[in-house]
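Below: the structure, in structure tokens.
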2 protein chains.
Amino acid sequence: MKALSVTEKLQQKDVKPTANRILVYETMAKLGCPLSISDIEDNLLSIDKSSIFRVITLFVQHDVVHAIEDGSGSLKYEICHEDLLHALGGHVHFYCEKCHHTFCLEGVDIPLVQIPEGFESKSVNYMIKGICPSCCKKNEIGNNLA
Amino acid sequence: MKALSVTEKLQQKDVKPTANRILVYETMAKLGCPLSISDIEDNLLSIDKSSIFRVITLFVQHDVVHAIEDGSGSLKYEICHEDLLHALGGHVHFYCEKCHHTFCLEGVDIPLVQIPEGFESKSVNYMIKGICPSCCKKNEIGNNLA
DNA sequence: AAAAAGATGCAACTTGGTTGCAAAGTTCTT
DNA sequence: AAGAACTTTGCAACCAAGTTGCATCTTTTT
Ligand SMILES: [Mn+2]
Ligand SMILES: [Mn+2]
Ligand SMILES: [Zn+2]
Ligand SMILES: [Zn+2]
């Protein structure tokens with residue numbers, strides 16, 4: 001099975017591949033990590049904020065991307081990879097409180113829990129906050145110099 | 001060991017118990033579930049938004065309350081109960097997409113995961129989204145009528 | 001080619017959160 | 001007890017992210 005082009009990936013999800021949509025998708029794919037609307041805005045000066053918003057909204061509806069909630073205040077979006085069952089479950093995310101970057105811990109699956117009778121679960125979000133490797137390192141160096 | 005008064009609970013955390021702080025604490029205790037600043041505002045018309053904000057900020061710094069991130073857009077706060085080790089771990093939360101209410105699943109502990117080398121974990125947030133029991137029920141009734 | 005439907009940019013608006021500042025209240029000194 | 005020093009509070013102003021209305025431009029349909 002060969003790799004699909006961006007256009008094909010969008011069509012596969014019933015999203016008409018307009019110029020803006022392709023640009024947004026490509027930007028997200030290129031950067032690889034979960035991005036906020038403003039993050040995308042900063043990387044796509046040509047497109048208006050509202051248009052990016054509408055593209056993302058459409059992408060979410062059509063399951064092209066999904067939203068994740070790190071604690072940063074703004075929603076982050078990432079491309080849905082179907083490889084693994086992403087519906088319920090998915091992987092753990094990590095938010096660095098120092099550099100404000102959100103990481104996908106692709107290898108770390110979310111452990112599911114038993115919830116009380118009556119609750120109907122639609123999605124799960126497992127978020128760890130702390131310091132990322134590169135910021136940990138910087139910190140050590142800083143301490144040594146001090 | 002006897003139950004502490006609100007005043008004592010605040011003093012225990014090095015927070016001077018002013019009128020506003022006691023009111024905010026009592027409101028949060030009374031409602032029991034995680035609340036946003038605006039939620040508190042709606043229940044405490046007498047106090048200004050900015051004052052509530054400052055009280056909550058202080059509470060967070062002094063570990064009187066802690067923030068949790070449901071996907072609602074606004075941060076929710078809840079009183080820290082020391083009963084269980086709340087630092088790392090804590091319990092799972094549930095956000096109802098219908099009534100926009102956030103529930104503490106007190107009985108359901110967050111299962112911890114092994115994170116990759118180099119990441120330093122400070123806190124964990126496990127959030128389930130879906131439909132709460134009371135909204136599930138309403139839905140069934142609605143369907144039956146239709 | 002004309003009409004209809006869809007996508008886009010711009011500006012305006014909403015909301016949650018945050019800050020500056022002066023007034024009111026507390027605590028400390030004398 | 002009186003005044004100085006510090007803290008808390010309310011008000012208004014501000015800010016950023018998200019969201020919407022509307023006119024314009026583009027694409028699709030007839
Ligand atoms: Mn991810
Ligand atoms: Mn809770
Ligand atoms: Zn970092
Ligand atoms: Zn509900």
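What you are looking at is a predicted structure, and each value in this text was computed from that prediction instead of being measured. Residue numbers begin at 1 in each chain, while the letters A, B, ... track the order of the sequences.
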In terms of side-chain geometry, is the basic nitrogen of B/Glu78 or B/Lys76 positioned less than 4.0 Å from the acidic oxygen of its partner? no
Using 30° and 60° as the class boundaries, would you call the ring planes of B/His66 and B/His93 parallel, tilted or perpendicular? tilted
Could you state the CD-C1' distance from A/Glu41 to D/dT19, rounded to the nearest angstrom? 13 Å
A/Ile56 CD1 to D/dT20 P, straight-line distance once rounded to whole Å: 16 Å
Can you measure A/Phe53 atom CZ to C/dT15 atom C1' for me and round it to whole angstrom units? 13 Å
note: A/Ile40, atom CD1; D/dA17, atom P; distance rounded to Å ~ 13 Å
If I take atom CD in residue A/Gln61 and atom P in nucleotide C/dA7, what distance separates them, rounded to the nearest angstrom? 12 Å
Could you state the CG-P distance from B/Asp42 to C/dG17, rounded to the nearest angstrom? 12 Å
Take the protein atom CG of B/Leu75 and the nucleotide atom C1' of C/dT15, then report the distance between them rounded to whole Å. 14 Å
Rounded to whole angstroms, how far apart are CG on A/Leu45 and P on C/dC10? 12 Å
Look only at the side chain of A/Lys129 and the backbone of A/Cys96, and say whether a donor-acceptor pair between them is shorter than 3.5 Å. no
Please produce a list of atom pairs where a protein N or O lies less than 3.5 Å from an N or O of nucleotides 9-11 of chain D.
| from | atom 1 | to | atom 2 | distance (Å) |
| --- | --- | --- | --- | --- |
| D/dT9 | OP1 | B/Thr18 | OG1 | 2.9 |
| D/dT9 | O5' | B/Asn20 | ND2 | 3.3 |
| D/dG10 | OP2 | B/Asn20 | ND2 | 3.2 |
| D/dG10 | OP2 | B/Ser51 | OG | 2.6 |
| D/dG10 | O6 | B/Arg54 | NH2 | 2.6 |
| D/dC11 | N4 | B/Ser50 | OG | 3.1 |

Which residue lies toward the 5' end of DNA chain C, B/Lys49 or B/Lys16, if each is placed at its nearest nucleotide? B/Lys49
Side-chain donor-acceptor pair present, A/Thr102, A/Asp70, cut-off under 3.5 Å: yes
Paired with A/Ile128, the side chain to side chain contact (heavy atoms under 4.5 Å, CB included) test is passed by just one of B/Val113, B/Asn125, B/Leu112, namely B/Val113
Evaluate side-chain hydrogen bond (donor to acceptor under 3.5 Å, both in side chains) for B/Tyr95 paired with B/His100, printing each intermediate quantity in order. CA-CA 7 Å; B/Tyr95 177 74; B/His100 307 290; 2.8 Å; yes
